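Scroll down for the structure; my scribbles are underneath it.
Model, not experiment: these values are computed from the prediction.
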Amino acid sequence: MANSLTYATLILCLVMFVRLFTYQRGDARFRRDVSVMAALIMACCGATAIYIVAGDLRIPYQAWPLVLLLAVLAASLMRCGGNMSKVLRHPIDWDGNERRRRQ
């Protein structure tokens, strides 16, 4: 019998896979590196889901930090509508000047 972290991992991986699979670019610019990263994440999420359903993967309780990271990534993907470039992007207008001391 699988534990709750295994079920949480399955659900998070399925959510991320479906969100990335159904992403429609629209007016967004094509960037090969972001597309490759999205494809790799989809492959990893799909493989993880298949392994869990087949009974070959059980997440131990000690792996709760990894499941939490997976949840943060899934939430970020949902918030950005599946656009990986928005998840990975740094703020364009921020250059750190307001954090530097004035001399």
Locate the shortest heavy-atom distance separating L14 from A49; write the atom from each residue and the value. CD2-CB, 3.9 Å
Check for me, please, whether M37 and M42 land in the same ILVMFWY cluster - side-chain distances under 4.5 Å, paths through other members count. yes
If you look at every heavy atom in Y23 and A28, which pair is closest and at what distance? OH-CB, 3.6 Å
What pair of heavy atoms forms the shortest contact from L20 to A38, and how long is it? CD1-O, 3.9 Å
Please answer: with hydrophobic residues joined when any side-chain heavy atoms are less than 4.5 Å apart, are V15 and V53 in the same cluster? no
Out of curiosity, does I41 fall in the hydrophobic cluster containing L12 (side-chain heavy atoms, cut-off under 4.5 Å, transitive links)? yes
Closest heavy-atom pair, F17 versus C45, reported as atoms and distance to 0.1 Å, is CB-CB, 4.3 Å
Co-membership, hydrophobic cluster, residues F21 and M84, 4.5 Å side-chain: yes
Atom of P60, atom of L5 and distance for their closest heavy-atom approach: O-CD1, 3.5 Å
Can you find a heavy atom in the side chain of N83 that is under 4.5 Å from one in the side chain of R25? no
Could you give the side-chain donor-acceptor pairs of residues 61-79 under 3.5 Å, partners two or more places apart or in another chain?
from : atom 1 : to  : atom 2 : distance (Å)
S76  : OG     : V72 : O      : 2.9

Would the distance check show the side chain of N3 and the main-chain N or O of I59 forming a donor-acceptor pair, the cut-off being under 3.5 Å? yes
Closest non-hydrogen atom pair between K86 and C80, with its separation: CB-SG, 3.7 Å
Are any non-hydrogen side-chain atoms of I52 and T9 less than 4.5 angstrom apart? yes
Given the rule that I, L, V, M, F, W and Y join up when any side-chain heavy atoms are under 4.5 Å apart, are I11 and L57 in one cluster? no
